[in-house]
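Each remark here refers to the structure printed beneath this line.
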Amino acid sequence: MAYTYNIPKHRRGDTWKGINAIGIKINGVPIVLSDSQIDMEFREDYDAPVALKLSTTNSTISVHPTLSAFTIPPLLIDIPPATYKYDTQVTTNKSSPTLSAVDTYMDGTWEIYFDITK
């Protein structure tokens, strides 16, 4: 079951502070993220096009294997104002297909609102 976290609303065109560290635990035990791929997709609805993708693949998410956590650095957010749905999928053991697993650990919403100064 995914943990629900609604990201505080953010003004379009401004730099979002990111998230310092998100740890993932199963039954209180941190999971190892050193060989993991993490993907977050933001959409207006479940079948809508992706408005923003954060990922270890595109270096917008960094894994801290010694902390069993990941970080999202500050980013300029310039997507259209809306309330977006998102989730966070983690593929563990990505280099070993027979051992890999995909799990969704976090989901929620994020409101992006209009800016006046452009």
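Side chains included, hydrogens not; waters and symmetry mates left out as well; all remaining heavy atoms used.
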Taking atom [atom1] of [X] and atom [atom2] of [Y], what is their separation to the nearest 0.5 Å?
| X | Y | atom1 | atom2 | result |
| --- | --- | --- | --- | --- |
| L52 | I77 | CG | CD1 | 5.5 Å |
| I61 | Q37 | CD1 | CD | 9.5 Å |
| T92 | D35 | OG1 | CG | 8.5 Å |
| M40 | S55 | CE | OG | 11.0 Å |
| D39 | T57 | CG | OG1 | 5.5 Å |

Can you tell if the side chain of [X] reaches within under 4.5 Å of the side chain of [Y], non-hydrogen atoms only?
| X | Y | result |
| --- | --- | --- |
| K17 | P74 | no |
| Y5 | I22 | no |
| R43 | Y84 | no |
| T4 | N6 | yes |
| L54 | I72 | yes |
| L76 | D14 | no |
| T109 | T83 | yes |

- Looking only at heavy atoms, the pair that brings R12 and P81 closest together is CD-CD, 3.5 Å

- Might you point out which heavy atoms bring S100 and T91 nearest each other, and give the distance in Å?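 It is CB-CG2, 4.5 Å.
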
- Message: Strictly by ring pair (Phe, Tyr, Trp, His ring centres under 6.0 Å), give each pair with a member in residues 25-78 just once, sequence neighbours left out.
- Response: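 Listed by first then second residue: F42-Y86, F42-W110.
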
- Take I24 and Y3 through the side-chain contact (heavy atoms from CB on, under 4.5 Å) test and state the conclusion after the steps. CA-CA 10 Å; I24 301 173; Y3 170 77; over 6 Å; no

Determine, using the 4.5 Å side-chain heavy-atom cutoff (strictly less than), whether [X] and [Y] are members of one ILVMFWY cluster.
| X | Y | value |
| --- | --- | --- |
| I38 | V32 | no |
| V102 | L33 | no |
| L75 | M106 | yes |

- Query: Under 3.5 Å, is there a donor-acceptor pair linking the side chains of D87 and Q89?
  - Reply: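 No, no side-chain donor-acceptor contact under 3.5 Å.
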
- Message: How about CG on N58, more than 12 heavy atoms from neighbouring residues, nucleotides or ligands closer than 6.0 Å, or not?
- Response: yes

- Message: When you measure from the side chain of S68 to the backbone of I31, do you find a donor-acceptor pair of N or O atoms at a distance under 3.5 Å?
- Response: yes

- side-chain contact (heavy atoms from CB on, under 4.5 Å) assessment of T88 paired with Y105: CA-CA 6 Å; T88 305; Y105 288 108; 5.6 Å; no

- Item | D107/K85 salt bridge by N-O under 4.0 Å criterion |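 Answer for the salt bridge query: no.
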
